[in-house]
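Structure first, then comments.
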Protein chains: 2
Amino acid sequence: MKASKGSPLLEKVKQRGDLHAAGCPSRGVLEHVTSQWGVLVLVALKEDGTHRFSELRRKVGGVSEKMLAQTLQALEQDGFVHREAHPVIPPHVDYSLTPLGEEVAVHVEALTSWIEDNVHRVMTARTQALPRKKAS
Amino acid sequence: MKASKGSPLLEKVKQRGDLHAAGCPSRGVLEHVTSQWGVLVLVALKEDGTHRFSELRRKVGGVSEKMLAQTLQALEQDGFVHREAHPVIPPHVDYSLTPLGEEVAVHVEALTSWIEDNVHRVMTARTQALPRKKAS
DNA sequence: CCGTATCCGCTCCGATACTG
DNA sequence: CAGTATCGGAGCGGATACGG
């Protein structure tokens, strides 16, 4: 939607995303960052710095080559991950966080750390959750 | 603060999740919290407190009834959301964060706020990202 | 008003094969 | 080693109808 009433301040609003709005580009960014493998890749790179492709694959348990490549491309395109390919044989590619990636990874890691620390509380809650209907 | 050295305290380690392990239950918790609608629901409840079902549906743009109900059930089962159904006609159901939910929502909101504030930087990065192949 | 149940298209994802 | 291309099954998610 175009703001035909040209208030300069209104233009600025465009720059701050609103995740409650369905069409906002920030939704896409959120999807990339909080995607199943996106979270784990960001944390892995934050914890241990630069990784090669296969290192990441080993570190992030259960991820397939396809999804890892796909995830890395999304994060690279969003400017969170830096990809450096060395033109040697055999190929050698290093992935690391950009400054932008470091910033977002701080928050992601805070979240994952909390989950790791409190997963037992959640498991307890699940046990006590009474099924709304009879288990068949 | 807890110095565990080969003591029975080691058993406690089991209670701390490891998101890098594919089979760890913490993976499931992460999935719920960082799911597309899970994130937005947690933030909505954190920002404005108690919501009714239809309020939530209006607030979280683009969510369907099915996915909202599904998301709320997952978060309720994990102990993040409290569901209170008033037995009146027409039915009236309130959703709010539990203390556990408040804790995790702090981190989730920190992440979403960062994204909203910095989405323009990401969009800039996307523009400058050179397509490895023809743009899709 | 607040869900649940069913159907069904569509996307995601894993497996496989291939290239540089 | 580090990807890309293609195929096919599985499950997500939307629309609709219905129950409490």
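We use all heavy atoms of the structure for the numbers below, so side chains are in, but hydrogens, waters and symmetry mates are not. Computed from a prediction, not measured in an experiment: that's the story for all the values here. The chains referred to below are lettered A, B, ... by the order of the sequence lines, with proteins before strands, and numbering in each begins at 1.
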Proximity to the side chain of [X] - top-ranked nucleotide from [options]:
X	options	result
B/Glu65	C/dC2, D/dG3, C/dT4	C/dT4
B/Pro91	C/dC1, C/dT4, C/dG14	C/dC1
B/Pro90	C/dG14, C/dC1, C/dT6	C/dC1
B/Arg83	D/dA15, D/dT6, C/dG3	C/dG3
B/Ser64	D/dT4, D/dT6, D/dG14	D/dG14
A/Gln73	C/dC7, D/dT4, C/dC2	D/dT4

**Report entry** salt bridge (charged side-chain N to carboxylate O under 4.0 Å, His left out) involving B/Asp48 - partner list, sequence neighbours excluded
**Finding:** B/Lys59
**Report entry** Set of residues satisfying salt bridge (charged side-chain N to carboxylate O under 4.0 Å, His left out) with respect to B/Asp94, sequence neighbours excluded
**Finding:**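 With neighbours one apart ignored, the set is empty.
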Whole-Å distance separating the [atom1] atom of [X] from the [atom2] atom of [N]:
X	N	atom1	atom2	result
B/Gln70	C/dA5	CD	C1'	13 Å
B/Glu84	C/dC2	CD	P	14 Å
A/Leu68	C/dA15	CG	P	14 Å
B/Lys66	D/dG14	NZ	P	8 Å
A/Met67	C/dA15	CE	C1'	14 Å

Query raised in the report: With sequence neighbours left out, which residue pairs that include part of residues 44-92 of chain A fulfil the ring-ring contact (aromatic ring centres under 6.0 Å, His included) condition?
Result: A/His86-A/His92
Requested in this report: Enumerate the residue pairs fulfilling side chain to side chain donor-acceptor pair (under 3.5 Å) with a member in residues 98-108 of chain B, sequence neighbours excluded, ordered by first and then second residue.
Outcome: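 Side chain to side chain donor-acceptor pair (under 3.5 Å) check on residues 98-108 of chain B returns A/Trp114-B/Glu103, A/Arg121-B/Glu103.
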Query raised in the report: Which pairs with one or both residues in residues 32-41 of chain A pass side chain to side chain donor-acceptor pair (under 3.5 Å), sequence neighbours excluded?
Result: A/His32-A/Asp78, A/Gln36-B/Glu31
**Report entry** Pairing residues for A/His120 by the ring-ring contact (aromatic ring centres under 6.0 Å, His included) criterion, not counting sequence neighbours
**Finding:** none
Requested in this report: Output all residues satisfying side-chain contact (heavy atoms from CB on, under 4.5 Å) with A/Thr124, sequence neighbours left out; order by chain, then residue number.
Outcome: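 A/Gln128.
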Query raised in the report: OP1 or OP2 of D/dC1 less than 4.0 angstrom from a side-chain nitrogen or oxygen of A/Tyr95, does that happen here?
Result: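 Negative; the distance criterion is not met.
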Query raised in the report: Over its full length, what angle do the end axes of the helix from C/dC1-D/dG20 to C/dG20-D/dC1 make, each axis taken from five pairs and the result rounded to 10 degrees?
Result: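 The end axes of the helix from C/dC1-D/dG20 to C/dG20-D/dC1 are about 50° apart, to the nearest 10°.
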Query raised in the report: Any sub-3.5 Å donor-acceptor pair from B/Glu76's side-chain atoms to B/Arg83's backbone N or O?
Result: no
Requested in this report: Kindly say whether B/Leu68 contributes a backbone atom to a donor-acceptor pair with the side chain of B/Arg57 at under 3.5 angstrom?
Outcome: no
Report task. Can you sort out which residues in residues 33-61 of chain B have a heavy atom within less than 4.0 Å of DNA chain C? Ascending by number, please. Result ->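 Those residues are B/Arg52, B/Phe53, B/Ser54.
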